[in-house]
Each structure stands twice: as C-alpha cells, then as structure tokens.
Amino acid sequence: MYVYDEHDRQMAAERVAQFRDQTRRALAGELSEEEFLPLRLQNGLYVQRLAPMLRICVPYGMLRSDQLRRLARITRDYDKGYAHFTTRQNVQLNWPALEDVPDILAELAEVEMHANQTSGNCIRNTTTDQFSGVQADEITDPRPYCEIIRQWSTFHPEFAFLPRKFKVAVNASEKTDRAAIRIHDIGLQMVRNEAGELGFRVHVGGGLGRTPMVGPVIREFLPELDLLTYLEAVLRVYNRYGRRDNKFKARIKILVKALTPEGFAEKVEAEWAHIKDSPTRLTPEAIERIKGFFTEPPYEALENASDLLARQRFENRGFDQWLSHNVDVHKKPGYAIVSLTLKKTGTPPGDVTDRQLEQIADLADEYSFGEVRVTHQQNVVLADVRQDRLLELWQAITPMGFGTANLNTLTDIICCPGGDYCALANAKSIPVAEAIQRRFDDLDYLYDLGNIDLNISGCMNACGHHHVGNIGVLGVDKKGEEFYQVSLGGSSHHDADIGKILGPSFAREDMPDVIAKIIDVYVDHRTEEEEFLDTYRRVGIKPFKERVYA
Amino acid sequence: MPDVIKADGSVRQDNWVVVPRPEEGESLAIPSDQPALIPADLWLAGYGHFTGNDQIGVWFDSHDEPEIIADKVNELPLIGVNFPRFVDGRGYSIARLLRERFGYRNELRAIGDVLLDQLQFMKRCGFDSYVLRADKDISQAAKCLNFFSQGYQAATDTDLPLFRRRA
Ligand code: HEM
Ligand code: SF4
C-alpha cells in the first residue's frame with residue numbers, strides 16, 4: 001500500500017492548518033456561507049438534514065488496520081459510534097460537529113488519511129476494482145495508476161472549481177468490471193496494444209444522476225506515460241467549455257453529448273497535442289516508484305487446500321454456502337479473497353459500528369496482512385486469506401455480522417442513505433431495502449436466483465446507482481407522499497446499460513410484493529444458464545409489466 | 001486607487017482601471033488620464049490604434065477565448081482575467097494558456113470576485129497580481145498565497161511535478 005513520504009506529510013499537515021484557519025474565519029463571520037461552502041466541501045464536509053456529514057477519503061478503497069482503528073476512535077470520540085461505507089469506496093460520518101472537523105482531519109492525517117476533494121466541484125477519489133492485485137485475470141495492478149492520479153488531482157490549481165464534480169475510475173480486469181468505469185466521468189480500462197505496451201482505453205462522459213449515460217470511448221489506446229497529460233487535456237476542455245449556467249447540465253456527459261463523442265475527442269486531441277510532452281508527462285521511473293508500494297505481501301508457498309475445504313464444506317452447510325458466495329479465487333495457490341458483507345438484515349447497508357471497525361482491523365491483522373479494501377457495493381474485502389484458515393475465519397465473523405452469505409444476490413443491496421439522513425431525498429430508502437431483505441430471507445432461494453444487482457436511491461441524484469441495477473428502485477415524491485419507481489435491465493459492468501422504467505410508481509408497503517412478482521417472472525422464463533439480466537434481455541420488459549400491473 | 005497584491009504578498013497601489021464592455025450602441029469609455037484594461041476583442045478590433053500604447057492593456061471575461069491574441073500577448077503591458085464569481089474556475093485555464101502556451105511575460109492580474117482562499121491557486125496558474133474584492137481583509141493575503149509550501153503538479157510556477165523531484 002502507498003506510504004507517505006515527507007512531501008505528502010507536509011502537504012497533508014498544511015491542508016489541515018489551512019482548513020483550521022478557514023473554519024475559524026467562517027465561524028468568525030469573515031467568510032460568508034457561500035464562500036465557505038466549496039472550501040468545506042473539498043474537505044469532505046457536507047451539511048445535511050440532521051447534522052454535518054464528513055466524507056473521509058479511502059483512496060481506491062485501500063485501508064490499513066491502524067487506519068481502521070483510528071476511524072473507530074474518531075467515530076467514538078466525535079460521532080455516535082458508527083460510520084458508513086459509501087458506494088464510492090469512502091467512509092462517511094453522519095454526526096460530526098463543524099468546529100471539531102479540523103481536529104478530526106488532524107487525527108486522520110496522523111494515519112495518512114484525509115477528506116480532500118470528497119465533495120464539491122473538483123476531481124474526486126479515484127476508484128477501482130476491490131480485487132486489484134489478487135485476481136488472476138488482470139492486465140496489471142491498477143492501484144499504482146490510481147495513486148498517480150490521486151497525487152496529480154490533489155490540490156490541482158487549475159481544476160478546483162470545475163462546473164461540477166468529476167469522478168475517475170480505473171479497471172484492469174479483462175473479463176469483469178467491478179469499478180463501474182462506464183458510469184464515471186472518466187473511465188479508464190487498462191489494456192495492452194498489439195505491441196504489448198501498457199495503456200488505457202479512455203471512456204468519457206458516463207454518469208448517473210438526472211441524465212444517466214454510459215460513457216463512450218474517446219480514445220482506444222492511451223500509452224501509460226501519457227496518462228496525466230491526457231487527463232489534463234480532458235479536464236481543461238471540460239473546465240473551459242462545460243456548462244456553468246445550469247447545475248443539472250454541468251456534468252461532462254452533457255458536454256460530450258452536445259459535441260458528440262467524436263467532436264469532444266477532437267477537442268481533447270487538439271488540446272493534448274500542445275501538452276503531450278510537457279513536464280506533466282510521466283516517466284518510467286515515476287511509475288516504477290509508485291509500483292514499488294504495491295508489491296505482493298510475503299505470501300507463503302502453499303498448495304490449494306482443496307481436500308481440506310471439501311471436507312469442511314461437507315460437514316458444514318453454512319460454511320459451504322459462504323464459501324460458494326463470499327469467497328473468490330486468488331491468483332496465489334493456497335490463498336482466497338474473502339468479502340465481508342455489511343448487509344445484515346436490519347442494518348442499513350454499509351453501516352458499521354466503532355466496535356465492528358476494530359473487529360475488521362483485527363481480522364485484517366490476523367488473516368490478511370493488515371489490509372482491507374472497501375467495495376463500491378458497500379462491503380469490505382480481506383484480499384489475502386489462507387485457504388486452510390477460511391473455516392476459522394468464517395466462525396469468527398459469523399457472530400460479528402459479516403458472514404451473511406448473500407454477496408451479489410438480490411439482498412446484497414446497494415442503497416443510499418435516503419430520507420433517513422439526506423436532505424435531498426424524495427423518499428426513504430433504507431426501510432425499503434430492509435423490507436426486501438426480510439421478504440427474501442431464504443438463502444437457498446436467493447442462490448437459486450443467482451446474481452442480481454438491486455440498487456436503491458432516495459432521489460434522482462442516484463447515489464444508490466439505481467439506473468444501473470438489474471432492478472433499480474428510485475424514491476419519488478407524489479404530492480408529498482413517498483413512492484417508488486422501478487426500472488429493469490440496468491448494468492454497471494462491461495455490458496453497462498441504463499435500466500428502463502417499468503411503469504407507474506408504487507407505495508412503500510407494496511415494494512416487497514412488486515419485487516417478488518418481478519422475480520417470479522424471471523423464474524418462469526429463465527433457461528438453465530440464464531442470470532436475471534440475460535432473461536430480461538431476451539424476453540424484454542413486457543412480461544414483467546403484465547405481471548406487476550395485472 | 002485599488003490596492004494590488006503581488007505574488008510575493010506585498011501590496012502596492014496603482015491606477016489601472018477596468019473598462020467594462022460597452023452596451024449596444026455605446027462606445028468604449030477609455031479614460032484619458034489613467035491606464036486602462038479594455039475587453040480583449042475590442043483591443044484586437046482597434047489593433048493599429050492601440051499598438052505601442054503602454055497605457056492600454058486588455059481583460060478577458062471567464063467565457064472569453066485567449067486564443068484571439070495568442071501571437072500578440074507580449075505587446076501588452078498588463079492582462080486582466082475576470083472571475084465573475086469565485087466558483088467560476090475558467091480563469092485558471094485562461095491564465096495557464098496565456099503563460100504556458102502563448103508565452104506571456106508581463107503582468108497577469110486576477111480581477112472580479114477575487115477572494116483570499118483562491119490566491120494560491122491563482123499564483124500557481126501564473127497570475128502575479130490580484131485585486132482582492134473590496135470587503136476582504138488584505139492583511140491575510142500573504143498567508144493565503146503560501147498555505148502550501150509545494151504542490152504535486154507542474155503548473156505555471158514550476159516545471160517539476162513532485163514525481164520528477166522525487167526521482
Ligand atoms: C447523505 C447525504 C447525501 C447527499 C445530500 C448526496 C448528494 C448527492 C448528489 C446531489 C448527487 C448528484 C450529483 C450529480 O448528479 O452530479 C450525488 C451523487 C452520488 N452520490 Fe451522493 N449524497 C449523499 C450521500 C451519499 C452516500 C452515502 C453515498 C454512498 C453510498 C453517495 C454516493 C453517491 C454517488 C456514487 C453518486 C454518483 C452518481 C453519479 O455518478 O452521478 N452519496 N449525491
Ligand atoms: S440519492 Fe438522493 S436521497 Fe439518496 S443520498 Fe443521494 S441525494 Fe440523498
């Protein structure tokens with residue numbers, strides 16, 4: 001994992017001092033609310049329905065155990081003893097006091113953490129695949145490139161006041177896309193060209209919110225050394241020409257659409273031609289240096305523990321289910337990737353207590369070289385667990401509430417905070433998630449249904465990614481009452497797509513029934529090898545409509 | 001006379017005025033006794049007329065294209081870039097283009113909704129003078145110009161991004 005040097009430490013300390021000074025001036029009335037707003041947003045502080053909310057950056061989802069323990073302490077000392085893992089691999093506190101935030105940031109800086117640029121109209125946290133570096137099918141580990149982007153985008157003097165927020169995601173797996181790159185402002189797919197050189201396929205202009213779009217490709221191959229100059233060209237075109245007259249039309253996707261992807265690409269290429277060989281061009285040494293932080297942990301030379309695991313599964317059905325669903329194949333023999341699910345029915349998806357944060361830290365130290373990864377599905381991954389210790393781990397996490405064996409199933413719901421916390425909400429989202437989880441509590445049935453992404457947002461802003469859920473649920477306001485609109489067929493993966501709206505919206509108490517009917521249609525129509533999305537794509541929306549509105 | 005902050009944090013006064021874009025049908029009101037910044041496109045339109053006059057500079061609004069005077073920038077003693085609202089970040093790109101692409105060497109001034117907490121970004125993008133919004137406390141400018149002792153990126157102020165300094 002990346003480790004700060006004296007430069008990073010110095011800038012982190014200066015940032016905290018700067019925000020302390022800004023907070024003091026804001027409280028003294030020297031900065032108006034409007035003037036303070038972008039300053040506090042770019043330090044993670046968002047003022048919410050019930051209290052300020054602090055979004056802490058977890059660069060591309062990586063956390064060390066000492067950082068988890070510090071987060072636990074902060075939630076205890078400054079908040080109500082719990083935190084929330086977000087869909088952008090960050091951590092959010094829901095109740096900090098404004099005047100405490102500089103102290104919280106200082107405590108974070110001590111463990112090489114920060115809240116820089118986690119809100120506001122700037123370049124946000126770069127996200128990636130939670131299985132980076134441990135899966136067999138990736139082109140290369142994408143995390144060094146994420147760190148390079150993190151450093152370039154941190155306090156970038158030209159791009160701190162963009163028309164709107166700006167999110168970058170990187171994916172390096174050839175077969176899957178766990179980073180949802182096509183719904184980001186810039187999505188970078190790592191590829192090798194015919195000569196075997198490393199580079200990126202560049203997508204620009206994806207995003208959710210009011211006008212959901214899948215990002216088109218604007219460059220098929222960008223050599224790795226050109227990464228930053230090209231990003232700078234994209235950002236400069238956006239900074240200059242993105243709309244600033246209407247907040248809802250200010251994302252880069254609107255500019256790309258207005259210019260057409262080809263027209264936009266031309267503008268970027270023209271800008272890039274000027275700066276391609278500028279000092280911002282990466283050097284092989286700079287990349288190597290960052291790669292040096294993402295070396296393999298000291299793995300032992302092991303064999304796969306297939307016989308042992310077969311015996312243990314046979315003797316223990318719960319373990320068998322968990323192994324099938326929450327454990328993934330590791331590139332090293334004898335190791336496995338474990339997802340701890342934060343989706344226990346009755347707990348808001350992604351919420352953890354201070355105690356649980358410490359438990360996760362202990363698990364990381366005991367089983368996974370002291371590191372974890374946060375996922376955009378709001379779960380936590382132990383990436384390097386020995387196979388012969390999986391049973392022991394499973395026994396340890398079950399009482400902690402991390403063992404719900406529902407990863408990627410219907411009840412592994414992505415859900416925004418919604419009306420319970422969020423001032424912008426049209427409707428609550430957490431109780432809908434919970435009602436659906438209660439309705440579908442039979443694990444065997446869930447497994448039989450296979451992989452289904454169910455995503456819930458409490459309003460059009462789409463924090464819960466409802467557009468790209470195979471089943472999407474959106475809270476809407478109908479004459480002051482909370483209703484829910486359902487869409488089908490979305491995907492955030494390689495085959496990214498925006499879901500289609502099923503029809504008129506439903507009352508909250510009807511939602512479990514509506515979902516059950518949708519599932520029934522799938523079960524009636526599916527062929528043996530089909531997942532939900534396959535069946536939907538084959539039969540279309542009509543049979544679903546007929547059943548649900550019958 | 002406005003107080004003008006320099007990149008090193010010192011304050012001096014000068015009497016440059018910013019001449020607003022004239023309304024339809026009106027003509028440019030250039031003062032006779034003071035140096036003036038006029039809209040860049042109007043300077044270009046009256047090009048022959050203004051050449052060699054060191055009492056005339058130009059200003060750009062945030063939606064203007066500095067490209068229009070790309071090959072003439074060093075004929076100007078002073079260029080202003082207006083921030084209509086401090087959250088409008090286009091001026092940063094305009095400044096970098098003027099400096100890094102068109103090679104502008106004379107004074108580059110931030111005008112308009114110029115506040116304290118943006119000064120260091122402006123400096124890094126090539127502005128070397130700043131007219132702070134009147135209600136802001138100019139005594140804090142030097143501190144705000146130097147919150148950070150270094151940056152990660154190359155910009156107008158340095159050709160050495162941190163990754164080149166570390167190597
Ligand atoms: C608690 C109060 C929150 C508020 C007021 C809020 C506000 C917003 C707004 C206004 C947008 C739309 C921006 C746009 O369309 O450009 C947005 C997008 C988003 N939010 Fe939140 N948010 C909140 C919490 C969260 C949380 C907890 C998460 C993670 C679970 C989250 C994840 C996201 C994501 C991923 C998007 C991006 C959708 C896209 O790509 O357009 N937000 N949020
Ligand atoms: S989707 Fe809407 S309701 Fe949900 S957190 Fe985002 S802004 Fe709030």
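The shown structure was predicted, so the numbers you read here are calculated from the model rather than taken from an experiment. In what follows, every chain begins at residue 1, and chains take the letters A, B, ... in the order their sequences are listed.
- No side-chain heavy atom of F36(A) sits under 4.5 Å from any side-chain heavy atom of D117(B).
- For P279(A) against A154(B), the heavy-atom pair with the smallest separation is CB-CB, 4.2 Å.
- Atoms CD and CG, on E30(A) and D135(B) in that order, are 11.0 Å from each other to the nearest 0.5 Å.
- The parts of D88(B) that come within reach of chain A are both its backbone and its side chain, each placing non-hydrogen atoms under 4.5 angstrom from that chain.
- Around atom CZ of R105(B), no more than 12 heavy atoms belonging to other residues, nucleotides or ligands sit under 6.0 Å away.
- Contact between F86(B) and P38(A) at its shortest, heavy atoms only, is CE1-CG, 3.5 Å.
- Neither the backbone nor the side chain of I94(B) comes within less than 4.5 Å of any heavy atom of chain A.
- Within a 6.0 Å radius of CG in D159(B), other residues, nucleotides and ligands contribute 12 heavy atoms or fewer.
- At a 4.5 Å heavy-atom cutoff, the contact between Q151(A) and chain B is made by backbone and side-chain atoms alike.
- For K136(B), the part sitting under 4.5 Å from any heavy atom of chain A is the side chain, from C-beta outward, and nothing else.
- Contacts of Q22(A) with chain B are made by side-chain atoms alone, with heavy-atom separations under 4.5 Å and no backbone atom involved.
- Relative orientation of the F155(A) and F148(B) rings is tilted, given thresholds of 30° and 60° on the angle between their planes.
- Contacts with chain A were tallied for H63(B), E67(B), R85(B); E67(B) has the most, counting heavy-atom pairs under 4.5 Å.
- Taking the side chain as every heavy atom from C-beta outward, I290(A) and F163(B) never approach each other to under 4.5 Å.
- Surrounding CD of E6(A) are more than 12 heavy atoms belonging to other residues, nucleotides or ligands, all under 6.0 Å away.
- Under the 4.5 Å side-chain criterion, counting only non-hydrogen atoms from C-beta, R25(A) is in contact with Q140(B).
- If you measure heavy-atom distances from E65(B) to chain A, the contacts under 4.5 Å come from both the backbone and the side chain.
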- Message: Before you tell me yes or no, could you show the steps for W152(A) and Y152(B) under side chain to side chain contact (heavy atoms under 4.5 Å, CB included), namely the whole-Å CA-CA distance, both residues' side-chain angles and the distance that decides it to 0.1 Å?
- Response: CA-CA 6 Å; W152(A) 164 79; Y152(B) 283 104; over 6 Å; no
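- Across L162(A), L282(A), N121(A), the residue that shares the most heavy-atom pairs under 4.5 angstrom with chain B is L282(A).
- Counting heavy atoms of neighbouring residues, nucleotides and ligands inside a 6.0 Å radius, atom CD of E23(B) does not exceed 12 of them.
- Residues L31(A) and L116(B) fail the side-chain proximity criterion, which asks for heavy atoms closer than 4.5 Å.
- Per-residue counts of heavy-atom pairs under 4.5 Å with chain B were compared for H274(A), E288(A), Q10(A), R236(A); the largest is that of H274(A).
- Side-chain atoms of N239(A) come within 3.5 Å of backbone N or O of G89(B) as a donor-acceptor pair.
- Nearest heavy-atom pair, F159(A) versus S93(B), reported as atom, atom and distance to 0.1 Å: CE2-OG, 4.4 Å.
- Judged purely by distance below 3.5 Å, without hydrogens or angles, the side chains of Q153(B) and T280(A) never pair a donor atom with an acceptor atom.
- Using a 4.5 Å heavy-atom threshold, the side chains of E35(A) and R133(B) count as touching.
- Shortest non-hydrogen contact noted between D5(A) and R166(B) is OD2-NE, 2.8 Å.
- Only the side chain of E232(A) comes within contact range of chain B, with heavy atoms under 4.5 Å apart.
- Within the 4.5 angstrom heavy-atom criterion, atoms from both the backbone and the side chain of R15(A) approach chain B.
- In plain terms, the two heavy atoms of F147(B) and D21(A) that are nearest each other are CZ-OD2, 3.5 Å.
- Two residues are said to be in side-chain contact when any heavy atoms from C-beta on lie closer than 4.5 Å; P157(A) and Q118(B) fail this criterion.
- The shortest side-chain heavy-atom distance between L97(B) and R240(A) falls under the 4.5 Å cut-off.
- For L235(A), no part sits under 4.5 Å from any heavy atom of chain B, backbone or side chain.
- Under a 4.0 Å N-O distance rule, the pair R90(B)/E158(A) does not qualify as a salt bridge.
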Discussion item. M11(A) vs L162(B), test: side chain to side chain contact (heavy atoms under 4.5 Å, CB included). Steps then yes/no.
Written reply: CA-CA 12 Å; M11(A) 282 185 269; L162(B) 183 51; 3.9 Å; yes
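- Using a 4.5 Å cut-off on side-chain heavy atoms (C-beta onward), R281(A) and R164(B) make contact.
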